[in-house]
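These numbers were taken from a predicted model, which means no experiment stands behind them. By convention in this document, chain letters (A, B, ...) are assigned in the order of the sequence lines, proteins followed by strands, and residues within each chain are numbered from 1.
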Amino acid sequence: MRIEDTDRERNTDEALKVILEGMRWLGMDWDEGPEVGGPCGPYFQSQRSAIYQEHLDRLKAADRVYEKDGAMYFRLEGERYTAYDNYRKCDVEKVKAAPQVIDDQIRGRVERAEEQDFVLFRRNGEPVFHFVNVVDDLTMGITHVIRGEDHLSNTSKHCELFKAFGVKPPVFAHIPLILKSNGPGKMSKRDEGSLVEEYQRRRFVPEAVRNYLCLLGWSPKDDREKMEIDEIIRLFDLPAINSNNARFDEKKLSFLNAAYLRDMPAERFVKAAWDSLVGERALTEKGIDVDAWGDEERRYFEEVMNLCQEKVRSIEDLPDFVAYFFTEDYRIDEKASTKVLKKGEPKARLTEMRRALEGLDSFDEEPLEATVTALSGRSGASTGEYIHPTRLALSGINVGPSFYGLMRVLGRERVLSRLDRFLERL
RNA sequence: GUCCCCUUCGUCUAGCCCGGUCCAGGACACCAGGUUUUCAUCCUGGCGACAGGGGUUCGAAUCCCCUAGGGGACGCCA
């Protein structure tokens, strides 16, 4: 792990922390680098000035450097001529340099010729990216350079430098870029959804994010999509990466996230839910006094989460999904209400339901289901005609976890009193 | 403008290197059913693509060329 912080303006400790934490969150660690150490340090480019100076001197000794406007330029070899540059709108000096051949692991043979000398050191004495990148790669013993395709055109610069230093370039692999989900162009730092921190903050499952990213530009060649990292590592191969750019699709990420939530151990789900709902006060914001909770409430919380794990799509959705479990002061959603109450005779059904539940001695799923089935058999109304209004009465909304589980977890007392209250308002 | 890369369903992709088994397979999304009828789960089905044009060939998604489109680079940013 090398930190490329040659641009003083943009580098802060905060930015570094975010990068390191983001990497670790995704499950990626490093055996050499910041906070770990290693034989090739320092791992911050801002601390490697002496190395860069020494390498600049080597190029100077080989007469490949000259100064212009206070900056140090790399001198390309080849015939020089002046031409009007339609991009810069002025005359510039160009060089007929030999094309550099890049044997890219993903794109195959790519040939490109640099045609202008480029800056190595800025006027302020700091080296630029292209230079430090090459120097670090060769002094740190880098064997593979795997980076975005946006660097493919820069690679001819890097090859020129490797050649000037008399070393063989590392293996290159230019991977496809991620395009933004809406609008043209590549996804960049300022785009919605482009920062790992965002998924951390929104409590995505890190494995889901990592899994989704792996699927952008790569596939195991069979139909598998949800895969453990070990399996991906086992199957992974540079040439198997696509060369075309991929558009980011948050819907699919969300699908994978839901699958990971569903499949994770219950304890992990409960912990993630707790961290968000209690730790980050998501329930407090809904007017629920979690600070007053004791052991009983904690057990109840766990039961609620066990019930909801298979149904909820994200931790983000959890507050709205479960708030009614923890307060009697839940709103009856108007849309849901209109939708549910317009069909059949909800009041009659709810009254029957109330009566039947009152006489039930167990609130386990099976007897509850048997009760509803019996009710339906007797009246000729579908079970849905009982279930829909009851769910609305108990939760205020028309979606949620398994209906019978919902009643079991709420328990007789809450169920009956909520039904009574709802019936009074009907 | 110059140079580089890319082009299979709306999206992510399999197939392409080693032409026939592909009237192109899977997944997300969407739509319709089903789970002896709760729902945002789950299951089944549907919709839906080889960018266009020329070659080569008995035969092309697969090989070649052109065009178009997309992306990238051209910073004393990284």
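The cationic group of A:Lys180 does not satisfy the cation-pi geometry with A:Phe248, failing either the under 6.0 Å distance to the six-membered ring centre or the 45° limit from the ring axis. Relative to the ring axis of A:Tyr300, A:Arg414 places its NZ or CZ within 45° and under 6.0 Å from the centre. With A:Tyr73 as the aromatic partner, A:Lys68 meets the cation-pi criteria of under 6.0 angstrom to the ring centre and within 45 degrees of the ring axis. At least one test fails for A:Lys168 against the ring of A:Phe162: distance under 6.0 Å to the centre or angle within 45° of the axis.
Within the nucleic acid shown, A:Tyr404 has no heavy atom closer than 4.0 Å to any nucleic acid atom. Heavy atoms of A:Arg123 sit under 4.0 angstrom from at least one base atom. Across all strands, A:Gly185 comes closer than 4.0 Å only to sugar-phosphate atoms, never to a base (heavy-atom distances). Residue contacts shown for A:Glu126 are absent, as no nucleic acid heavy atom lies under 4.0 Å away. Across all strands shown, A:Pro176 has no heavy atoms under 4.0 Å from either base or sugar-phosphate atoms. At a threshold of 4.0 angstrom between heavy atoms, the contacts of A:Asp150 are confined to the sugar-phosphate backbone, with no base atom among them. Residue-level contact check: A:Glu225 touches the bases, meaning some heavy atom is under 4.0 Å from a base atom. At the heavy-atom level, A:Ser156 lies nowhere under 4.0 Å from the strands shown. Note on A:Tyr87: a base of the nucleic acid sits closer than 4.0 angstrom, heavy atoms only. Within the 4.0 angstrom heavy-atom criterion, only backbone atoms of the sugar-phosphate kind lie near A:Glu310; the bases stay farther away. At a threshold of 4.0 angstrom between heavy atoms, the contacts of A:His130 include nucleobase atoms, whether or not backbone atoms are also involved. Note on A:Arg224: nothing from the nucleic acid sits closer than 4.0 angstrom, heavy atoms only. Nucleic acid contact class of A:Gly148 (heavy atoms, under 4.0 Å, all strands): none. Residue contacts shown for A:Ala246 are limited to sugar-phosphate atoms, with no base heavy atom under 4.0 Å away.
For the pair A:Asn182 CG and B:rG10 C1', the computed distance is 13 Å after rounding to whole Å. For the pair A:Arg107 CZ and B:rA73 P, the computed distance is 13 Å after rounding to whole Å. Per the geometry, CZ belonging to A:Arg313 stands 10 Å off C1' belonging to B:rC28, to the nearest Å. When rounded to the nearest whole Å, the span between CZ of A:Phe129 and P of B:rA73 equals 12 Å. Note: CD (A:Gln116) to C1' (B:rC74) measures 8 Å, nearest angstrom. The distance from atom CZ of A:Phe172 to atom P of B:rC5 is 15 Å, rounded to the nearest whole Å. Remark: C1' of B:rU38 and CZ of A:Arg391 are 5 Å apart, rounded to the nearest angstrom. Rounded to whole Å, the distance from NE2 on A:His174 to P on B:rA73 is 12 Å.
Between A:Arg109 and B:rC4 there is no side-chain N or O to OP1 or OP2 distance below 4.0 Å. Using a 4.0 Å cut-off, no side-chain N or O of A:Lys226 falls inside it from OP1 or OP2 of B:rA27. Note on A:Asn244: a side-chain N or O is less than 4.0 Å away from OP1 or OP2 of B:rU8. The side chain of A:Thr383 contributes an N or O atom lying less than 4.0 Å from OP1 or OP2 of B:rU38. Close to B:rA14, at under 4.0 Å from its OP1 or OP2, lies a side-chain N or O of A:Asn242. An OP1 or OP2 oxygen of B:rA40 is reached within less than 4.0 angstrom by no side-chain nitrogen or oxygen of A:Arg262.
B:rC9 and B:rG25: their C1' atoms are spaced 12 Å apart (whole Å). Across B:rA78 and B:rC16, the matching C1' atoms stand 35 Å from one another, rounded to whole Å. Nucleotides B:rG53 and B:rU62 place their P atoms 13 Å apart, quoted to the nearest Å. The gap from the P atom of B:rG26 to that of B:rA14 amounts to 15 Å, rounded to the nearest Å. Rounded to a whole angstrom, the distance from the P atom of B:rG34 to that of B:rA40 is 14 Å.
Within the shown strands, B:rC30 is the pairing partner of B:rG46 under the Watson-Crick or G-U definition, both distances less than 3.5 Å. The base-pairing partner of B:rU35, taking Watson-Crick or G-U wobble contacts with both distances under 3.5 Å, does not exist among the strands shown. Of all nucleotides present, only B:rC6 satisfies the Watson-Crick or G-U wobble test against B:rG69, with each distance under 3.5 Å. In this structure, B:rG1 and B:rC74 make a Watson-Crick or G-U wobble pair, each of the two defining distances being under 3.5 angstrom. Base pairing of B:rC58: its partner is B:rG20, meeting the Watson-Crick or G-U wobble criterion (both donor-acceptor distances under 3.5 Å).
No hydrogens or angles were tested; on distance alone, a donor-acceptor pair under 3.5 Å links the side chain of A:Lys311 to the base of B:rC39. On a pure distance criterion of 3.5 Å, no polar donor-acceptor pair joins the side chain of A:Lys252 and the base of B:rA29.
No aromatic stack links A:Phe121 and the base of B:rC76, using centre distance under 5.5 Å and interplanar angle under 30°.
Distances from the side chain of A:Leu177 to the nucleotides B:rC76, B:rG72, B:rC28 place B:rG72 closest. Side-chain atoms of A:Asp249 lie closest to B:rU11 of the nucleotides B:rU38, B:rU11, B:rU37. Picking from B:rU38, B:rG1, B:rC4 the nucleotide with the shortest atom distance to the side chain of A:Asp85 gives B:rG1. Set against B:rA14, B:rG71, B:rA29, the side chain of A:Pro184 has B:rG71 as its closest nucleotide. The side chain of A:Lys221 lies closest to B:rG15 when the candidates are B:rC28, B:rG72, B:rG15. Taking every side-chain heavy atom of A:Val128 into account, B:rA78 is the closest of B:rU13, B:rA78, B:rG72.
For A:His130 and A:His158, the ring centers sit closer than 6.0 Å to each other.
Looking at heavy atoms from C-beta onward, A:Leu59 lies in side-chain contact with A:Phe165 at the 4.5 angstrom threshold. Residues A:Arg2 and A:Gln45 have side chains in contact (heavy-atom distance under 4.5 Å, counting atoms from C-beta outward). A heavy-atom distance below 4.5 Å is not found between the side chains of A:Phe131 and A:Met72.
No side-chain donor from either of A:Asp91 and A:Thr82 sits under 3.5 Å from a side-chain acceptor of the other.
Each of A:Tyr212, A:Tyr199, A:Tyr260 was checked for a ring pair (Phe, Tyr, Trp, His ring centres under 6.0 Å) with A:Phe204, and the lone residue meeting it is A:Tyr199.
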